[in-house]
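As a basis for the values below, the full set of heavy atoms in this structure was taken, side chains included, without hydrogen atoms, waters or symmetry mates.
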Protein chains: 2
Amino acid sequence: MGTVGKAISLLELFTVDEPELGLSDLARRSGFDKATTRRLLVALTGHGFVEQDAATRHYRLGAGLSRLARIREARFPFLQTAVPLVRDLAASTAETVHLSEFGVDALVTVHVEHPAWANRVNIDIGQLLPLHSTASGIAYLAFARDETVKACLTGSLKAFTTHTLIDPAAISTSIAETRDRGYSICDQGFEEGVISVAAAIRAADGFALGTIAVAAPNARTTPAAIAERGLAVMAAAREISMRLNGENLQTLRRQA
Amino acid sequence: MGTVGKAISLLELFTVDEPELGLSDLARRSGFDKATTRRLLVALTGHGFVEQDAATRHYRLGAGLSRLARIREARFPFLQTAVPLVRDLAASTAETVHLSEFGVDALVTVHVEHPAWANRVNIDIGQLLPLHSTASGIAYLAFARDETVKACLTGSLKAFTTHTLIDPAAISTSIAETRDRGYSICDQGFEEGVISVAAAIRAADGFALGTIAVAAPNARTTPAAIAERGLAVMAAAREISMRLNGENLQTLRRQA
DNA sequence: AAATAAGGGTTCAAATAATGAACCAACATC
DNA sequence: GATGTTGGTTCATTATTTGAACCCTTATTT
């Protein structure tokens, strides 16, 4: 791994649950030498990617990341466009609705709306969603580039629950069904007791760039509810795609 | 400069105005060799910090940045905390109120509320505010670390208008006055016809981490209005600081 | 109160990764 | 078909990164 990759993997050690880490801790978790870790942190700090708490000497992610993220968002207003529709969908379904964007080889949760229920599905921003075992992942794959699908199916497929599909052929079938239906259904493939439906949000070239999903406890989920949520999530995804692409759905080449 | 710094300075070439750049362009602007530039871009792409457009082969900032930025905001809820007070201040002053956070060597605008007036001051999110020539910058410097102030005053000081203070001694005086008064006043130092007042938002260690400012056309600005807005912006900054630091103003060591 | 462990930070010879001039292929322009 | 531009690649040379051992300070233990 190059030095740049090492620096970035240091950044990736920070999570919502552990947003501040000490030098030794970072060195231990990354596997890098303490001196190396420190040098990388100093470099990152110099550009605002990392900040050091003056009192505890612990490190945390810096404001420079927010700035670049905002520049990206200005060109690619995925969040601004999608969040209002995520809210609407959360209000109408009264279940957890989450929005994700494709990252390196998984989907990244970028926004979540939780319902008022005590018994609800909780998802954190930043949570990574594997492609093969989540409703969002399957919805994404249904409109992803062939290379992406191939890379996913030929990689190692982890079973998160006893319900997780790990047979490439079965997953391919699920993807094909999703493409026909317009939304995906994932019955406890990622977490026991959670049933999700999702639909792909697509760029002007017709390929998926993210997903919107509704996740609910299976206690509150009937086949009729699945179909209802599926149609709603599909409509929301379609609306977001249209708004992103200048109201012009004709430009979506690979339509289902 | 280390390799990590080079990689980050590549990222910093992307702006709101030019969010997508080609390889040769990036190499030219960064001053790095084309091979070096490419290798850095590949490393960054591998972690989702940049993406390459499949059609144009141009590069843009990636979703990995958004993910990390969100993790930061989850721990350090600057925006969540401050936005309600920005709204309140915008409502009570009926002028443009903007919130900024310190980046590497300037303030970054992270939130703006505009009034209903047709004649108003417009500010974009992401806009960089120089430290020496804006109300926000002076307010920040009044409670910044000595190194930061020194670095600012010894650097080159650009005059944006005929009113911009570019004499280090004059700026120092303005900083000292701001520290005593509790808020800064900038009369057309950044843009003709705009008068702003600002106050520093401070971390638990007492040092500034950002600012809140009211910007108004000078046509609507009297000395009395300046004083009124100054007191309001100071109160808002104080409230945000307190909420960020757990309601405990005692921890603000460097009080005015 | 001395000993021990753990954390943050630093040093410098040795090892390794980054560099860049020259190169290819593709496309556009003249 | 000659010329310029862009994206991308190669490999001997060069410069940066590496990490064991080090210091200092702050708990914790004996």
Side-chain angles (χ1 to χ4, degrees), chain A residues 1-15 17-62 75 104 145 147-148 151 205 207, chain B residues 1-15 17-62 75 145-147 203-205 207 251 253:
Chain A
M1 195 195 300
T3 315
V4 175
K6 289 181 189 169
I8 297 179
S9 51
L10 270 188
L11 295 176
E12 290 174 339
L13 294 175
F14 296 94
T15 63
D17 294 325
E18 297 188 284
E20 300 201 334
L21 298 167
L23 173 60
S24 300
D25 219 2
L26 284 165
R28 224 176 296 113
R29 294 177 196 221
S30 63
F32 308 144
D33 187 87
K34 197 152 54 100
T36 302
T37 306
R38 171 127 221 288
R39 204 164 28 72
L40 294 173
L41 287 169
V42 168
L44 290 166
T45 305
H47 288 264
F49 274 35
V50 164
E51 293 167 352
Q52 186 174 28
D53 188 293
T56 65
R57 315 248 86 192
H58 282 200
Y59 297 88
R60 62 163 170 260
L61 296 175
R75 169 61 166 194
V104 188
R145 290 189 167 71
E147 312 95 80
T148 310
D205 60 10
F207 290 108
Chain B
M1 192 193 300
T3 315
V4 175
K6 289 182 190 170
I8 297 179
S9 51
L10 269 189
L11 295 176
E12 289 173 340
L13 294 174
F14 296 94
T15 63
D17 294 324
E18 296 188 287
E20 301 200 334
L21 298 166
L23 172 61
S24 300
D25 218 0
L26 284 164
R28 224 176 296 113
R29 294 178 195 221
S30 63
F32 308 144
D33 187 87
K34 196 153 53 99
T36 301
T37 306
R38 172 129 218 290
R39 206 166 24 73
L40 294 172
L41 287 170
V42 168
L44 291 165
T45 305
H47 288 264
F49 274 34
V50 300
E51 294 167 351
Q52 187 173 28
D53 188 292
T56 65
R57 315 248 84 189
H58 282 199
Y59 297 88
R60 61 164 171 260
L61 297 174
R75 172 59 166 199
R145 289 187 168 73
D146 290 339
E147 311 95 81
D205 59 11
F207 290 107
T251 57
R253 291 200 305 245

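Phosphate proximity of D:dG8 to B:Arg57: present, with a side-chain N or O under 4.0 Å from OP1 or OP2.
In this structure, A:Gly22 and A:His58 approach most closely via the heavy-atom pair CA-CD2, 3.7 Å. Nearest heavy-atom pair, A:Phe14 versus A:Arg60, reported as atom, atom and distance to 0.1 Å: CE2-CA, 3.8 Å.
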CA sep, side-chain torsions, deciding dist, call: A:Thr45, A:Glu51, side-chain contact (heavy atoms from CB on, under 4.5 Å): CA-CA 6 Å; A:Thr45 305; A:Glu51 293 167 352; over 6 Å; no

Salt bridge (Lys or Arg N to Asp or Glu O under 4.0 Å) between B:Arg29 and B:Glu18, intermediate numbers included: CA-CA 12 Å; B:Arg29 294 178 195 221; B:Glu18 296 188 287; 2.8 Å; yes

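Between B:Phe32 and B:Thr37 the shortest side-chain heavy-atom distance falls below 4.5 Å. A heavy-atom distance below 4.5 Å is found between the side chains of B:Leu11 and A:Phe49. Contact of the B:Leu40 side chain with the B:Lys6 side chain is registered, since non-hydrogen atoms from C-beta on lie closer than 4.5 Å. Counting only heavy atoms from C-beta outward, the side chains of B:Val50 and B:Leu10 never approach each other to under 4.5 Å.
Taken residue by residue, residues 31-45 of chain A places heavy atoms nearer than 4.0 Å to DNA chain D at A:Asp33, A:Ala35, A:Thr36, A:Arg39. If you check residues 3-12 of chain B against DNA chain D, the residues with a heavy atom closer than 4.0 Å are B:Thr3, listed by number.
Each of A:Met1 and A:His58 was assigned the nucleotide of DNA chain C with the nearest heavy atom; the assignment lying further toward the 5' end belongs to A:His58. Closest-nucleotide positions on DNA chain C for A:Leu21 and A:Gly2 were compared, and the one nearer the 5' end corresponds to A:Leu21.
For the atom pair B:Leu21 CG and B:Tyr59 OH, the distance stands at 11.5 Å (nearest 0.5 Å).
With hydrogens and angles ignored, the 3.5 Å screen pairs a side-chain donor or acceptor of A:Gln52 with a backbone N or O of A:Arg57.
First and last contacts of DNA chain C with chain A, using any nucleotide atom under 4.0 Å from a protein heavy atom and ordered 5' to 3', fall at C:dG7 to C:dA18.
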